[in-house]
Amino acid sequence: MNILTLIIILLIIFYKITFFILLCIPLRIFNKKNVVSNITILKEFSKGKNNNISDIPQKRKSIIKRLKKIIWLILDGYYRYLGYWIGYFPSQYVRNFIYKHIFFMKLERSVTIRYGLKLLGASGIKIGEGSALGDECWLDGRYDIIIGKNVNIASQVHMWSASHDMNDPYFRSTPYTVGPIIIDDNAWIGPHTTILDNVHIGEGAVVCAGAVVTKDVEPFAVVAGIPAKKIKERNRDIRYKLGGASFFY
């Protein structure tokens with residue numbers, strides 16, 4: 001068996017990785033352009049020029065523009081697929097490299113991201129030094145998620161920076177249902193919690209398991225329930241540093 005045959009067999013066996021390698025470069029270009037356009041749309045949206053992120057003027061399109069649209073849809077579909085699939089690649093180093101250089105997430109040193117991360121709007125996500133995310137988390141960074149340093153985020157945490165307005169006749173997103181999620185240093189987010197748009201969780205705060213956070217949380221407050229409410233204060237003497245990144249998980 002020669003080397004070429006061996007390479008072909010390996011590429012067939014690891015077909016997902018093969019597809020990723022083939023589409024990696026155009027996907028990076030696609031994501032980079034998307035970051036620029038999203039910033040423009042968000043600025044207009046925040047100034048009230050667009051009532052909805054989809055309220056972009058629709059013009060009659062030429063064949064070339066329609067073809068570009070089809071290519072965009074294919075890349076967008078692959079972007080979403082890869083955002084789901086890559087979370088199960090068995091190496092944090094590889095996953096973090098892709099998150100940073102293909103999805104344009106902003107990851108500082110020693111960030112730990114466990115299995116099964118799902119992404120929307122990855123370029124709007126920033127995670128500070130030493131922070132850790134557990135298994136099967138969902139991060140929607142379309143309107144920014146900013147996570148500070150040494151933040152412990154447990155498994156199956158959902159963060160949604162955008163939602164629909166149930167009172168809007170066209171079920172659109174409005175300024176009342178979108179906005180950044182900010183989590184300050186040393187906070188602890190328990191498993192199976194949900195954090196919604198326009199929420200700021202203060203330094204050292206604790207969100208107990210299963211809570212749904214709809215409003216800001218004070219520094220070092222402990223909140224629980226649906227919707228989350230303050231139940232006590234946390235000790236302010238925080239000395240631990242998170243860690244635990246490994247190559248194969």
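Residue L242 is grouped with residue I238 when hydrophobic side chains (ILVMFWY) are merged at heavy-atom distances under 4.5 angstrom, including chains of intermediate members. Note on V111: it clusters hydrophobically with V94, by side-chain heavy-atom contacts below 4.5 Å among ILVMFWY residues.
For the side-chain contact (heavy atoms from CB on, under 4.5 Å) criterion with I201, the lone passing option out of I147, V206, D184, V207 is V207. A side-chain contact (heavy atoms from CB on, under 4.5 Å) with M159 holds for exactly one of T194, L196, L139; it is L139.
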- prompt: After noting the C-alpha distance and the side-chain angles of W138 and L120, does the key distance pass the side-chain contact (heavy atoms from CB on, under 4.5 Å) rule?
  reply: CA-CA 8 Å; W138 258 107; L120 282 174; 4.1 Å; yes
field: Audit row: I195, I189, side-chain contact (heavy atoms from CB on, under 4.5 Å) steps and yes/no
entry: CA-CA 9 Å; I195 302 171; I189 313 299; 4.0 Å; yes
- request: Evaluate the side-chain contact (heavy atoms from CB on, under 4.5 Å) criterion for residues E136 and K118: first the C-alpha distance (whole Å), next the side-chain angles of each, then the deciding distance (0.1 Å), finally the verdict.
  value: CA-CA 7 Å; E136 303 285 348; K118 283 90 172 176; 2.4 Å; yes
field: Step-by-step side-chain contact (heavy atoms from CB on, under 4.5 Å) determination, I113 to N96
entry: CA-CA 8 Å; I113 300 177; N96 283 5; 3.7 Å; yes
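Residues D140 and H158 bring no donor and acceptor atom of their side chains to less than 3.5 Å of each other. N150 and N186 share a donor-acceptor pair across their side chains, judged by distance under 3.5 Å alone.
Shortest non-hydrogen contact noted between T193 and C208 is CG2-O, 3.1 Å. Of all the heavy atoms in R142 and A162, the pair that sits closest is NH2-CB, 3.6 Å.
For residues 193-213, no pair satisfies salt bridge (Lys or Arg N to Asp or Glu O under 4.0 Å), with sequence neighbours left out.
In this structure, the side chains of L117 and Y99 come closer than 4.5 Å at one or more pairs of heavy atoms. The shortest distance between side-chain heavy atoms of I181 and Y143 does not fall below 4.5 Å. Taking the side chain as every heavy atom from C-beta outward, M105 and K126 never approach each other to under 4.5 Å. Taking 4.5 Å as the limit, every side-chain heavy atom of Q156 sits out of range of all side-chain heavy atoms of P191. Within the 4.5 Å cutoff, the side chain of L119 has no heavy atoms near those of the I86 side chain. Between I146 and P180, every side-chain heavy-atom pair lies at or beyond the 4.5 Å cut-off. Contact of the R114 side chain with the Q92 side chain is registered, since non-hydrogen atoms from C-beta on lie closer than 4.5 Å. For the pair K230 and E218, the minimum side-chain heavy-atom distance is below 4.5 Å.
Of the possible polar contacts, one joining the E108 side chain to the E129 backbone as a donor-acceptor pair under 3.5 Å is found. A donor-acceptor contact shorter than 3.5 Å links the side chain of T177 to the backbone of S163. Remark: side-chain polar atoms of D165 are not paired, donor with acceptor, to backbone N or O of S173 under 3.5 angstrom. Judged by distance alone, the side chain of D135 and the main-chain N or O of G116 form no donor-acceptor pair under 3.5 Å. The backbone N or O of V151 lies less than 3.5 Å from a partner atom in the side chain of S131, making a donor-acceptor pair.
Scanning for ring pair (Phe, Tyr, Trp, His ring centres under 6.0 Å) contacts around Y176 gives an empty result, with sequence neighbours left out.
Taken to the nearest 0.5 Å, the CD1 atom of I74 stands 12.0 Å off from the NZ atom of K69.
Heavy atoms of other residues, nucleotides or ligands lying less than 6.0 angstrom from CD1 of I64 number 12 at most. Y170 OH: 12 or fewer foreign heavy atoms inside a 6.0 Å radius. By the neighbour-count criterion of 12 heavy atoms within 6.0 Å, atom CH2 of W188 is sparsely surrounded, having that number or fewer from other residues, nucleotides or ligands.
Between Y88 and Y115, the ring planes are perpendicular. Angles over 60° get that label, and only those under 30° would be called parallel. Ring geometry for W85 versus F89: interplanar angle over 60°, hence perpendicular rather than tilted (30 to 60°).
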